[in-house]
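Comments concern the structure below.
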Amino acid sequence: MNEKKNPLQWLRSLLFVGQIYFMMPVIGLLFAPWALFSRRGARTCCKTYSRWVFWTASWMVGLKVEVRGIPPKEPGLVAAKHQSFLDIMMIFTATTAGKFIMKKQILWTPVIGQYAKLLNCIAVDRGKRGAAIEKMVADVKAGLVEAGQLIIYSQGTRVAPGVQKPYKVGTGVLYEQMGQTCYPVATNVGVFWPRTGIYRKPGVAVVEFLEPIAAGLTREEFMALLEERVETRSNALMREAGFEV
């Protein structure tokens, strides 16, 4: 959707983006003595940073965040729509023990990579995704991975508003083999915080936890229901934000 960008809003966006990347190592180092010896410390650090981002976004660029629905408190699979860095922080902050399935390269990212390891996130080699998922399922069943909410982005990457991208079968494999409830998540955050670029739009970015999908469906039934539920609600949230789907 092409639109004229406000020069003042662009400047505010530049200052906002600059300070959140400046504060990332500051907060990371501040919590490091606790985080290095406690997963609770690492989780508290990441949630503190996320809340800093939410707070500064509200007054620097006029972007507020809202979490709808009921986030899971018990172990389960969280299958989410992914549009930008913002939905990562919103979902993580809303869950009690969230950990992500993420691409292996992120482990080399300063601060983020180190904290991903401390949180026991699952790094996936995109070229060997099937083998990585099999190993992850085995580790979960063997108790090697701490129980919690396993967060996966079912389309495999960030997807801009209005762009269609297929859902990856990996989510279905996890659902089928782990035998846990799945919590679908819809969002409209990409309307305000794009997957690339500096400009941030004012408004209300929403992440919504939808009706859970109980274990027991076939992989095909689950994938069809997940995609229909997440895409339908995400489209509605984007229309609510003024984006023509």
Side-chain angles (χ1 to χ4, degrees), residues 1-36 38-68 71 80-95 98-100 102-103 105-119 121 151 153 157-161 185 187-208 237-238 241-243:
M1 182 172 60
N2 294 322
E3 59 180 316
K4 188 175 181 180
K5 294 181 178 179
N6 184 316
L8 181 57
Q9 185 68 17
W10 195 95
L11 177 59
R12 289 171 175 165
S13 299
L14 181 63
L15 293 172
F16 167 72
V17 171
Q19 66 85 21
I20 66 170
Y21 282 108
F22 173 79
M23 290 300 296
M24 185 181 290
V26 171
I27 294 175
L29 288 171
L30 183 65
F31 278 86
W34 183 17
L36 288 172
S38 167
R39 191 158 291 134
R40 181 183 176 188
R43 193 174 303 282
T44 301
C45 176
C46 294
K47 290 192 175 187
T48 299
Y49 174 73
S50 297
R51 292 185 178 110
W52 171 269
V53 173
F54 303 155
W55 177 65
T56 55
S58 68
W59 61 267
M60 290 188 75
V61 294
L63 177 58
K64 300 183 184 301
V65 300
E66 179 181 343
V67 175
R68 299 179 185 175
K81 182 83 170 174
H82 185 24
Q83 293 185 333
S84 77
F85 184 45
L86 181 58
D87 57 63
I88 294 176
M89 293 182 285
M90 292 175 69
I91 293 171
F92 180 78
T93 304
T95 57
K99 54 184 178 292
F100 292 89
M102 60 190 207
K103 62 183 180 181
Q105 292 87 335
I106 292 177
L107 293 179
W108 299 101
T109 304
V111 185
I112 294 176
Q114 287 70 47
Y115 273 88
K117 292 176 185 176
L118 293 172
L119 291 170
C121 292
I151 305 164
Y153 290 112
T157 188
R158 292 170 294 178
V159 179
V185 181
T187 189
N188 68 1
V189 301
V191 174
F192 307 98
W193 184 312
R195 58 192 292 270
T196 59
I198 298 294
Y199 196 80
R200 304 289 184 262
K201 287 179 58 178
V204 180
V206 178
V207 155
E208 183 170 354
L237 291 173
M238 286 187 282
F243 182 85

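Below, each value reflects all heavy atoms present in this structure, side chains not excepted, and no hydrogens, waters or symmetry copies. Bear in mind that the values here come from a model prediction, so they are computed numbers and not experimental data.
Between L8 and R12, some side-chain heavy-atom pair lies under the 4.5 Å cut-off. Within the 4.5 Å cutoff, the side chain of L86 has no heavy atoms near those of the F192 side chain. In this structure, M238 and Q83 have side chains that are in contact, with non-hydrogen atoms separated by less than 4.5 Å. A 4.5 Å side-chain heavy-atom check between I88 and Y153 finds at least one atom pair inside the cut-off. Using a 4.5 Å heavy-atom cutoff, the side chains of Y49 and V111 are not in contact.
Partners of F16 by ring-ring contact (aromatic ring centres under 6.0 Å, His included), not counting sequence neighbours, listed by chain and number: W193. When the side-chain contact (heavy atoms from CB on, under 4.5 Å) test is applied to P194, the partners found at least two apart in sequence or on another chain are R200. Residues forming a side-chain hydrogen bond (donor to acceptor under 3.5 Å, both in side chains) with T48 (at least two apart in sequence, or on another chain): none. Partners of E208 under the side-chain hydrogen bond (donor to acceptor under 3.5 Å, both in side chains) rule, at least two apart in sequence or in another chain, are R233.
Note that the CZ atom of F54 and the CD1 atom of I20 stand 10.5 Å from one another [nearest 0.5 Å]. Distance check: C45 SG to R40 CZ gives 14.0 Å after rounding to the nearest 0.5 Å. Between atom CE of residue M23 and atom CH2 of residue W52 there is a gap of 4.5 Å, rounded to the nearest 0.5 Å. In this structure, CG on D87 lies 10.0 Å from NZ on K81, to the nearest 0.5 angstrom. With values rounded to the nearest 0.5 angstrom, I112 atom CD1 is found 9.5 Å from Q114 atom CD. Rounded to the nearest 0.5 Å, atoms NE2 (H82) and CD1 (I151) are 11.0 Å apart.
With R158 contributing its side chain and F85 its backbone, the two residues share no donor-acceptor pair below 3.5 Å. Not a single donor-acceptor pair under 3.5 Å links the side chain of S38 to the backbone N or O of W34. For the pair N188 (side chain) and V206 (backbone), a donor-acceptor distance under 3.5 Å is present.
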Mind listing the side-chain donor-acceptor pairs of residues 25-32 below 3.5 Å, one per line with the distance, residues two or more places apart or on another chain?
none

Which donor-acceptor pairs under 3.5 Å do the side chains of residues 58-66 make with protein atoms, sequence neighbours left out?
| from | atom 1 | to | atom 2 | distance (Å) |
| --- | --- | --- | --- | --- |
| S58 | OG | W55 | O | 2.5 |
| W59 | NE1 | W55 | O | 3.4 |
| E66 | OE2 | R68 | NE | 2.9 |

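Nearest approach of P202 to Q9, heavy atoms of both residues: CD-NE2, 3.6 Å. R39 approaches L119 most closely through the heavy-atom pair NE-C, 3.9 Å. The two atoms that bring R43 and G98 nearest to each other are NH1-O, 2.9 Å, heavy atoms only. Across P161 and G190, no two heavy atoms sit closer than the pair CG-C, 3.5 Å. Residues M90 and A205 share a closest heavy-atom pair of CE-O, 3.5 Å.
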